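For the single chain, residues carry numbers from 1 onward in sequence order. Only this structure's heavy atoms are used, side chains among them; waters, hydrogens and symmetry mates stay out. In this text, all values refer to a predicted model and were calculated from it rather than measured experimentally.
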Amino acid sequence: MITLALFSLLPLLASANPLKRWTAQPYVGSTTSDVFPPPSATVNTSLFPNESQVGYPGVTATGVEPAAIATAAAYAYNSGPAQNFPLVADVPRGDAPGATYDVFKKWGNLSPWYSVPSSFYGLPDASPLVPAGCNIEQVHLLYRHGARYPTTGAAPSAFAARLHNATQMSGGWSSKDELDFLNTWTYKLGAELLTPFGRLQNFELGVAFRQQYGVLLNNFTQQGVLPVFRTESQDRMVKTAENFAAGFFGVPEYLSEVNIEIVIEASGFNNTGAPYETCTNSNVAARGQIGSTVSAKFANDAFNSTISRLQQSISGYTLTPTDAIAMLQLCSYETDALGYSKFCGLFTEEDFNNYEYYYDLAFYYNNGMGSPVSAAQGLGYLQEFVSRFTQTPIPIYNSTTNSTLDANPLTFPLKQSIYADATHEVVVADVLTAFNLSAVAMGGPLNPSKRSNSSSFVASQIVPFATHLVVQVVNCPQCTPNKQIRFILNDAVLPIDQSYPGCAWNKDGLCAFDTVVSALHKRIGEINYQYDCFGNYTASPGKDYNGRAPRS
């Protein structure tokens, strides 16, 4: 790693020696970072007292809680440029300025979340707004953290290391034209932590949820209790829950108006928000990782022309399909973290389409219907959901549920009107599979070797940054029975008539509460956690396993 002092001189060094313009500098690919706050600086509470110490708050009268999900004339969809604010990305290579192609929607799980129309899943008349004549009774939210830095050892940092190592070789390497910026490029990303934009995403999600469902807080007031919202112990997960709570309750109110339960995420600890820590087959190549293998193979074939084109602008370094994915990921990560990336302008619409499908394959076969372990990994949350749903303690702890926490009514309350659980994108996909919400994978298994547009499984719509699954429980006097349920993924209402026996097609995605509960109980009985997570079997791509391990 170079020092900050040297990093500040890099532009001067490059401009002072124009003969080196086309030569990769020795520091290329090295990691650079900034430090804030200053290690020795602390907040001066004596000179800068807090609100309660200063006093004089002015008028603080409260009004009624908002209930826009039931009272608004229209739903506030997250669409258009606002969904990416304040990020900027170049149009794809070859597109004219002002082109309408949206690269942000082609980044798979690295895309910022955006509203998906219910029509995409076959419900053109549905809206997240509570159907006319119905009243909202309860809401369940499962949501992912916002934009983050790459995970440790991910492709972008490995690419940076390869570039840096190549500069140390005899003769080094050089780039020109559209890759000229690589001659002085350094790796500016950290690891794992939320980015500023990621914090904003979770905060905004909290604000939106308060606007839509704030009225349900009255149930907590009636009970004389505070909500329990859950998350995992990784730093980005704790900050995710805190930013969501800050948006929902306000600052500093969230510090005293909600209990944030932090469940340990580490090997050997049961945690429905991180089931891969105990489901060992999730990390076996021939079982839970067939999607990683398939997507890598697809990339090896899909980016040949791209590599040939880019190779013309670099000498002394041979680009590979792995580098193409790494640079596309740098487009995503640098934009999410730094607000802009020069890597985005290197790629065409075709490249971004293939990049999108790369992620579709990875998630469908690792955590979707094409995975043999996804249902088992989502089983624990499904059991918790049904327990909350029916206000009945979990009878048997035979999955990733944490019996210590889930058996305690204080840490696992059963009578909340609002539930909010933060988790990772892979778990959201696992849960969708465990719930057998087959609408997200209509069209059958994804073609492992050729990009297909026939499936509804689109990673940027299912597992983007800040993705969220909302389950509404509503009372509809016009329905028989009155108590109904429906599932909403990133604002798209999902049809469930093909998922749950007894549920007829409904234009609003509604089905009777008891019918859905019965179907979910049956689904729990179908999933063999022990075999799927620890059994000896081999899975292969091109099949719809419904998230369960194959049986010989």
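With ring centers used as reference points, Y531 lies under 6.0 Å from Y537. Residues F197 and F465 keep their aromatic ring centres 6.0 Å or farther apart. Here the two rings, on F298 and Y358, have centers that are 6.0 Å apart or farther.
For T272 (side chain) and G380 (main-chain N/O), no donor-acceptor pair under 3.5 Å exists by modelled atom type. Under a 3.5 Å cut-off, the side chain of T392 and the backbone N or O of T390 do form a donor-acceptor pair. Between the T423 side chain and the G273 main chain, a donor and an acceptor come within less than 3.5 Å of each other. Listed for the N243 side chain is no donor-acceptor partner under 3.5 Å among the backbone atoms of T240. Of the possible polar contacts, one joining the S115 side chain to the N78 backbone as a donor-acceptor pair under 3.5 Å is found. In this structure, Y500 contributes its side chain and D497 its backbone to no donor-acceptor pair below 3.5 Å. S460 contributes a side-chain N or O that, together with a main-chain N or O of K105, makes up a donor-acceptor pair within less than 3.5 Å. Checking side-chain atoms of R144 against main-chain N and O of A466 turns up no donor-acceptor pair under 3.5 Å. Not a single donor-acceptor pair under 3.5 Å links the side chain of R230 to the backbone N or O of A420. Within the 3.5 Å criterion, the main-chain N or O of N546 finds a donor-acceptor partner in the side chain of D544.
Annotation for F269: atom CZ does not count as buried by contact number, only 12 or fewer foreign heavy atoms lying within 6.0 Å. No more than 12 heavy atoms of other residues, nucleotides or ligands lie within 6.0 Å of CD in Q498, so this atom counts as exposed by the packing criterion.
Between atom SG of residue C511 and atom NZ of residue K483 there is a gap of 13.5 Å, rounded to the nearest 0.5 Å.
One finds no salt bridge joining K239 and E242 here, because no Lys/Arg side-chain nitrogen approaches an Asp/Glu carboxylate oxygen to under 4.0 Å. Salt-bridge formation is detected for the pair R551/D532: a Lys NZ or Arg NE/NH1/NH2 atom is positioned less than 4.0 Å from an Asp or Glu carboxylate oxygen.
In this model, C134 has its SG atom no nearer than 2.5 Å to the SG atom of C479.
Side-chain contact, D491 with Y75: a donor N or O sits under 3.5 Å from an acceptor N or O.
Shown here for Q83 and Y114, the closest heavy-atom pair between the two residues is OE1-CB, 3.2 Å.
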